[in-house]
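Each remark here refers to the structure printed beneath this line.
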Amino acid sequence: MGETPFDDMDGDTLHEECGVFGILGHPDAATLTALGLHALQHRGQEAAGLVCFDGQQFHSERRMGLVGDHYTDPAVLARLPGAMAIGHVRYSTTGETALRNVQPLFAELEVGGIAIAHNGNFTNGLTLRRQLIADGAICQSTSDTEVVLHLIARSRQTHSSDRFIDAIRQVEGGYSMVALTRTKLIAARDPIGIRPLVMGELDGKPIFCSETCALDIIGAKYIRDVENGEVIICEIQPDGSITVDSRKAEKPQPERLCLFEYVYFARPDSVVGGRNVYVARKAMGRHLAQEAPVEADVVVPVPDGGTPAAIGFAQESGIPFELGIIRNHYVGRTFIEPTQQIRAFGVKLKHSANRAMIEGKRVVLVDDSIVRGTTSVKIVQMIRDAGATEVHIRVASPMIFYPDFYGIDTPDADKLLANQYSSLDAMCRFIGADSLAFLSLDGLYHAVGGESRNDKAPQFTDHYFTGDYPTRLLDREAPVNNVHRLAVMANHG
Ligand code: AMP
């Protein structure tokens, strides 16, 4: 079949950051889902899938590549009839890329067909998978989603929605899910709401999607965020009306949305957790300018991620904002490339210096985050080559010391730049900048939520900065929480 070899069961499951969309009761369900997925494309450019139900049969299309590459084709949309659909865009950086992992996944169960798409990662996915396989389950993919299908299949509950709830009570981690049965669209968010999920409505028909930008593209109205630990079941009744039932799958816990949605992942025009992402990013830049001021001639964003924070930095510092780097929009995100070598090459393909804005100037470069440091090293060199007299890096988030296991996919600890240097100066020298500063954790909390971190009950999950993982990590040993190091680094030592 030309597919890549199957992963060994002791290998890792896929880490995925993704986007989901679902709609019930609308005659243009597949087209609207494709449009919604197009708006969510920034959450995953590797593959896209749609499953719909036409009252008789389920139909599915799953393709590698961008939404626009396939789902604008009338012939493809004609194969997706019906008034109910769910869809998924996917991006994975570890594990292999194979069509069999592309969501939504579909299974024929005792209760009828069910399709599931999910964004995020289970922290006990591997443990559950091993148990299921030991029990005789046959797994076709390395995706966490398949585990949910198996758990639904094994549930002793009568109704599909009860089986679904039964299944997600057994999984741990960060996820937002949409599922489709013959009559229902189900949406669920993990117990502490690590991944975002919103509910909207178009012509009175319910929609669930990862971000509000997917509602905006189709002119749908935002209703509310799906709450952490909530399962919403929308069902088409025989008379065509739709009922909406909200259930709590878990004991209520305080919400802890992932801070990285604000730092990097979500689209700036989305409203995540009631906050406009662009406004939050600008505030990060303003706080950064207060915390780490610098004398310079021009503030230059590393596009696109650094742009809102650079605007905030420029406004706060009074230093002019200029587009000193031009981004080529026809190259995917650098992170998608699987090897370090190709990633480094990708950065050159993506950014070029706008010499007229750089030459002879002292430049403040603002980026949203430093992960491996690949982007910073390349860009500092590029800005120097274009004639800058000084290059100062300001990063609109704290240093990343810890890997993520909830779908953001920051890499293993030893690949993170912050872990490779024992002082900020050494890191700065490696990057080749004249100065380097990161936004403090408190600055980030203030920018996003308007108040300091409540250490007893943090308002967000910030494990990549602090090592404070918000759930247990059953599949692996938790990385060492090096608080001392963090404290030293946070003081810009
Ligand atoms: P690096 O080059 O490894 O330091 O990555 C940092 C760059 O990648 C920044 O310019 C960010 O905009 C972007 N970035 C940060 N986090 C992620 C992520 N989880 N996935 C993809 N790109 C990211």
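We count ligands from 1, going down the list as the structure has it; atoms in each ligand are counted the same way. Remember, predicted model here, so these are calculated numbers, not experimental data.
Ligand 1 has no N or O atom lying under 3.5 Å from any N or O atom of Ile370, backbone or side chain. Considering backbone and side-chain N/O of Arg372, one or more are found under 3.5 Å from N/O of ligand 1. Geometrically, ligand 1 and Ile408 share a nitrogen or oxygen pair separated by less than 3.5 Å.
Ligand-side atoms of ligand 1 in range of Thr375: 1 (P), 2 (O), 5 (O), 6 (C), 7 (C), range being under 4.0 angstrom from any heavy atom. Distances below 4.0 Å separate heavy atoms of Thr374 from the following atoms of ligand 1: 1 (P), 2 (O), 3 (O), 4 (O). Listed by number with element, the atoms of ligand 1 under 4.0 Å from a non-hydrogen atom of Phe260 are 16 (N).
Remark: distances from the non-hydrogen atoms of Val302 to ligand 1 are all 4.0 Å or more. Using a 4.0 Å cutoff on heavy atoms, Ser369 counts as a contact of ligand 1.
Ring pair Tyr445/Phe460 is perpendicular by interplanar angle, where above 60° counts as perpendicular and below 30° as parallel.
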**Q.** side chain to side chain contact (heavy atoms under 4.5 Å, CB included) between Tyr71 and Glu61, intermediate numbers included
**A.** CA-CA 9 Å; Tyr71 298 98; Glu61 291 279 335; 3.8 Å; yes
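The salt bridge (Lys or Arg N to Asp or Glu O under 4.0 Å) test with Glu261 is passed by exactly one of Arg281, Arg267, Arg195: Arg195.
Considering only heavy atoms from C-beta on, Leu444 comes within 4.5 Å of Leu259 through its side chain. Contact check for Val89 versus His38: no side-chain heavy atoms found under the 4.5 Å cut-off.
No donor-acceptor pair closer than 3.5 Å links the side chain of Glu390 to the backbone N or O of Val363.
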